[in-house]
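Only a predicted model underlies this, so the values are computations on that prediction, with no experimental measurement involved.
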Amino acid sequence: MKKIQKFLMPVIAITVNLLLVQCDKMDVGYLKAENAVYEPNIVTVSRNLNPEDQHIVDGVPWTSGRIQGVSGTNPINYEIYDVKVSQGGDGEKFKEIIQNGDVRVQGSIIQLFQTGVDKIPDGIYTLTIKVYNEDHFYILDEIFSFDVQGK
């Protein structure tokens with residue numbers, strides 16, 4: 001019996017130590033975004049507005065809806081990861097207006113201010129969004145677009 005105890009005690013001690021080490025390496029919380037979507041997933045932005053339009057007078061941004069299909073441990077953060085352009089857009093200029101604060105992500109809502117619209121050419125700007133929390137992230141490829149039009 002003493003031989004068994006002498007053998008089991010080190011095995012139990014090693015097992016407990018391994019379990020404690022594994023607990024230190026566990027990811028914090030969770031994040032699910034496989035089914036993330038914006039509805040609608042495009043906003044048409046007009047460049048030529050009436051001078052009394054709220055986008056000019058009050059500085060109201062062109063705005064997406066809230067993202068749907070994301071759940072996880074708070075805080076959940078969102079940022080613009082990339083932009084692709086088509087139909088004449090300029091990706092570098094769009095990235096500049098992001099840096100200048102003319103495009104913002106507030107929670108999961110994406111906002112494009114008229115001051116930014118004035119700095120980019122007509123085209124479709126399709127955004128890839130990174131959603132993340134402490135230990136998890138998803139890249140939501142080409143999930144939302146702004147269609148900037150001259151008229």
Side-chain angles (χ1 to χ4, degrees), residues 11 13-151:
V11 171
I14 290 171
T15 303
V16 168
N17 282 333
L18 287 175
L19 289 173
L20 291 174
V21 168
Q22 290 299 322
C23 289
D24 288 342
K25 294 182 182 180
M26 289 181 63
D27 289 344
V28 175
Y30 74 100
L31 181 65
K32 293 186 179 183
E34 301 91 5
N35 300 314
V37 64
Y38 282 95
E39 287 294 333
N41 67 347
I42 190 166
V43 168
T44 301
V45 176
S46 180
R47 179 179 309 288
N48 301 320
L49 300 172
N50 177 323
E52 297 175 12
D53 187 281
Q54 65 181 351
H55 297 288
I56 294 174
V57 174
D58 298 324
V60 174
W62 301 92
T63 304
S64 72
R66 290 195 179 279
I67 199 166
Q68 301 171 30
V70 175
S71 63
T73 304
N74 287 326
I76 298 175
N77 305 292
Y78 301 84
E79 65 183 41
I80 298 173
Y81 186 77
D82 195 18
V83 60
K84 292 184 181 173
V85 296
S86 60
Q87 299 183 18
D90 184 329
E92 291 307 312
K93 285 188 180 179
F94 196 86
K95 289 176 184 176
E96 285 177 20
I97 67 170
I98 291 170
Q99 293 298 318
N100 293 337
D102 293 319
V103 179
R104 298 182 193 154
V105 181
Q106 303 287 339
S108 67
I109 295 173
I110 306 166
Q111 300 174 321
L112 170 58
F113 290 84
Q114 194 65 31
T115 53
V117 173
D118 295 338
K119 298 172 188 171
I120 57 175
D122 290 356
I124 298 177
Y125 297 86
T126 302
L127 305 177
T128 295
I129 302 294
K130 179 179 179 181
V131 56
Y132 62 96
N133 60 13
E134 187 171 341
D135 279 341
H136 307 278
F137 75 92
Y138 281 86
I139 303 298
L140 306 175
D141 194 39
E142 299 179 23
I143 194 164
F144 184 79
S145 299
F146 286 107
D147 182 1
V148 179
Q149 300 178 2
K151 293 189 179 191

* **Axial cation check for Y138 ring with K130, 6.0 Å and 45° limits** => no
* D102 backbone acceptor or donor facing N100 side chain under 3.5 Å -> no
* **Atom of V131, atom of L31 and distance for their closest heavy-atom approach** => O-CD2, 3.7 Å
* Which residues satisfy the salt bridge (charged side-chain N to carboxylate O under 4.0 Å, His left out) test with D82, sequence neighbours excluded? -> K95
Show every donor-acceptor pair shorter than 3.5 Å between a side-chain atom in residues 58-73 and any protein atom, with sequence neighbours excluded, or say none if there are none.
| unit_1 | atom_1 | unit_2 | atom_2 | d |
| --- | --- | --- | --- | --- |
| W62 | NE1 | Q114 | OE1 | 2.8 |
| T63 | OG1 | P61 | O | 3.1 |
| S64 | OG | I110 | N | 2.9 |
| T73 | OG1 | Y30 | N | 3.0 |

* To do: Begin from the C-alpha positions of T126 and F144 and carry the test side chain to side chain contact (heavy atoms under 4.5 Å, CB included) through to its verdict.
  => CA-CA 6 Å; T126 302; F144 184 79; over 6 Å; no
* To do: Write down the atom of N133, the atom of I76, and the distance for their closest heavy-atom approach.
  => CB-CA, 4.5 Å
* To do: Hey, could you give me the CD1/CD distance between I124 and Q87, rounded to the nearest 0.5 Å?
  => 3.5 Å
* Residue pairs involving residues 34-43 (criterion salt bridge (Lys or Arg N to Asp or Glu O under 4.0 Å); sequence neighbours excluded) -> none
* Can you see which heavy atom on P121 is nearest to which on G89, and at what distance? => CG-C, 4.3 Å
* Hey, do the aromatic rings of F146 and Y125 have their centres closer than 6.0 Å? -> no
* Side-chain heavy-atom pair V117, V148 within 4.5 angstrom cut-off -> yes
* Got a donor-acceptor contact below 3.5 angstrom from the H55 side chain to the F113 backbone? -> no
* Over all heavy atoms of both residues, which pair between I97 and G116 is shortest? Give the atoms and the distance, please. => CD1-O, 3.8 Å
* Asked: Taking side chain as C-beta onward, heavy atoms only, is V45 less than 4.5 Å from L112?
  -> yes
* **Y81 backbone acceptor or donor facing T128 side chain under 3.5 Å** => no
* So which heavy atom on G29 is nearest to which on H136, and how close? -> O-NE2, 3.0 Å
* Supply the atom-to-atom distance L140 CG to I129 CD1, rounded to the nearest 0.5 angstrom. => 7.5 Å
* **Validation row: I80, V105 side chains within 4.5 angstrom (heavy atoms)** => yes
* Asked: Does the pair R47 and Q149 meet the rule for a side chain to side chain contact (heavy atoms under 4.5 Å, CB included), with working shown?
  -> CA-CA 6 Å; R47 179 179 309 288; Q149 300 178 2; over 6 Å; no
* Structure fact -> Correct closest heavy-atom pair for N50 and I56 would be O-CD1, 3.7 Å
* To do: Inspect the contact between K119 and E96 and indicate whether a charged nitrogen and a carboxylate oxygen are less than 4.0 angstrom apart.
  => no
